[in-house]
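Beneath this line is the structure, given in C-alpha cells, with notes to follow.
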Amino acid sequence: MKNRSNPDDTMALARALRSLGGGRAPASLAPAVLRRVGLVDRYWRVASPVGSVFVARGPRGISLLLRTESAARFEREFRRRHGRAAFPAESPAPREIRAAVERCQAATGEAARVDLQGLTDFECAVLHKAAEIPRGEVRPYGWIAREIGRPGAVRAVGTALAHNPVPLLIPCHRVVRSDGTVGDYVFGETAKKTLLESEGARPAAIERLAASGTRYLGNEEGRFFCFPTCGGIETLLRDNAVPFRTARAALAAGYHPCETCRPAALAS
C-alpha cells in the first residue's frame with residue numbers, strides 16, 4: 001500500500017518552508033515534514049508464531065522486525081541500526097504484513113516487501129537465498145554458501161543470517177548447521193524449533209538423523225538422494241529409506257542428486 005500525499009498539503013508545506021527565509025529551522029521540522037508526506041518508517045506490534053513482534057516499514061519496504069519487550073527498546077534499536085527514527089503507526093498493520101509475519105515468508109505484495117538497504121552485496125545474497133527455502137524444509141549453511149558461489153564462506157553465511165534485519169520474513173530459522181543439527185537462532189533455539197515444528201519440519205526427527213550421522217536420504221527406486229526435509233520430511237522418511245553420511249557416498253553408490261534441493265556439490 002503506497003502512501004500518497006495530498007497535493008494541496010504538499011504545496012502548503014512548501015510555502016511554509018519558504019516563509020522561513022534564512023532562519024534556522026527547528027530540529028523537529030524535517031521529521032515532521034517527512035511524516036506528513038509519508039516518507040518515514042512506521043511500526044506496529046504484530047502477532048507471530050513465537051509471540052508478538054515489532055515490525056517497521058518505510059518507503060522501501062519492511063526495514064526491521066524484532067521481538068522485544070517494549071516499543072521504546074524497538075525504537076532505540078531501530079535508530080542504532082538505521083540512524084533514523086521509527087514512529088508508531090496510527091492505524092492497524094496492513095493485512096499483508098500480518099499474513100507475512102504469521103506465515104514466516106515475505107509476500108509478493110508491496111505492503112510486505114523487505115528493505116535490505118545498508119547491507120553488503122554478500123549479506124543480501126545470503127538473505128535472498130535463505131528466502132528461497134520452502135516451508136517445512138531446511139538447508140545447511142554450506143548449501144547457501146555454495147548456492148551463492150562462495151563455498152568457502154560458511155562462517156560468513158552464519159554471521160549474515162545472525163544479522164538478518166527481518167527474521168520470520170526472511171526465514172533464517174530454516175537454515176541449520178552443517179552437521180544436521182538445528183543450531184542457533186536470533187530468537188533462540190527453542191523459538192527455532194517451534195517455528196520448524198509449526199511448518200511440519202519435525203526438528204526432533206531432523207536431530208535424530210543428525211545424531212545417527214545421516215546427512216542425506218536416498219530413494220532406491222528413483223536412485224536420487226536429497227537433504228532430509230526436501231519436499232516434506234514425512235514423505236521423505238517414508239519413501240527415501242537409504243541413509244547416506246556424505247554426498248560423495250551417495251554418488252559412489254550410483255545415486256544422482258535431487259534437482260530440487262541440489263545436494264551434490266556438498267560432497268563431503
Side-chain angles (χ1 to χ4, degrees), residues 46-53 55 62 65-68 97-107 112 114 126-148 154-155 157-217 225-241 243-245 247 258 260-263 266:
V46 178
S48 86
V50 290
S52 63
V53 295
V55 184
I62 296 174
L65 186 153
L66 284 180
R67 189 175 68 166
T68 187
I97 289 179
R98 288 185 277 112
V101 172
E102 180 62 31
R103 186 166 175 77
C104 298
Q105 194 84 47
V114 297
V126 168
L127 295 178
H128 285 309
K129 183 54 62 174
E132 296 178 10
I133 303 172
R135 284 174 61 85
E137 300 187 24
V138 299
R139 301 285 187 272
Y141 293 108
W143 178 85
I144 289 184
R146 187 251 300 173
E147 286 277 310
I148 65 172
V154 176
R155 182 167 294 185
V157 165
T159 300
L161 292 171
H163 294 152
N164 179 6
V166 285
L168 299 183
L169 299 181
I170 293 180
C172 50
H173 61 277
R174 297 177 192 155
V175 186
V176 299
R177 290 175 175 163
S178 296
D179 64 3
T181 55
V182 169
D184 297 327
Y185 181 51
V186 63
F187 295 155
E189 185 177 341
T190 299
K192 185 173 188 176
K193 290 181 177 179
T194 297
L195 288 167
L196 292 176
E197 187 70 43
S198 72
E199 295 177 355
R202 290 181 56 189
I206 291 172
E207 297 214 309
R208 281 197 300 272
L209 289 170
S212 72
T214 299
R215 301 291 178 269
Y216 308 96
L217 292 171
F225 68 101
C226 302
F227 286 116
T229 57
C230 177
I233 194 167
E234 295 287 353
T235 302
L236 206 65
L237 290 174
R238 184 184 68 242
D239 298 337
N240 294 22
F244 292 106
R245 288 179 174 268
C258 169
T260 300
C261 64
R262 302 181 296 280
L266 296 176

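We're numbering straight along the sequence, starting at 1. Remember, predicted model here, so these are calculated numbers, not experimental data.
- Under the 4.0 Å criterion applied to side-chain N and carboxylate O atoms, K192 and D184 are not assigned as salt-bridge partners.
- With a 4.5 Å cut-off on side-chain heavy atoms, T159 and H163 count as touching.
- Between P165 and the options L127, I170, I62, a side chain to side chain contact (heavy atoms under 4.5 Å, CB included) holds for only L127.
- A heavy-atom distance below 4.5 Å is not found between the side chains of C226 and L217.
- Under the rule for a side-chain hydrogen bond (donor to acceptor under 3.5 Å, both in side chains), the partners of E137 that lie at least two apart in sequence or sit in another chain are R139.
- Between Q105 and the options R135, R174, E199, a side chain to side chain donor-acceptor pair (under 3.5 Å) holds for only R174.
- In this structure, E189 pairs ionically with K193, as a charged nitrogen and a carboxylate oxygen lie closer than 4.0 Å.
- Checked against side-chain hydrogen bond (donor to acceptor under 3.5 Å, both in side chains), T181 has the following partners two or more places apart in sequence or in another chain: D179.
- In this structure the side chain of T229 reaches within 4.5 angstrom of the side chain of I206, judged on heavy atoms.
- More than 12 heavy atoms of other shown residues, nucleotides or ligands fall within 6.0 angstrom of atom CZ in R98.
- C104 has its side chain within reach of L195: a pair of non-hydrogen atoms, C-beta onward, lies under 4.5 Å apart.
- By the 30° and 60° cut-offs, the orientation of the rings of Y216 relative to F225 is perpendicular.
- The shortest side-chain heavy-atom distance between S178 and V154 falls under the 4.5 Å cut-off.
- For the pair R67/V50, a side-chain contact is recorded, criterion being any heavy-atom separation below 4.5 Å from C-beta on.
- Note that NZ of K129 and CH2 of W143 are 5.0 Å apart. Values are rounded to the nearest 0.5 Å.
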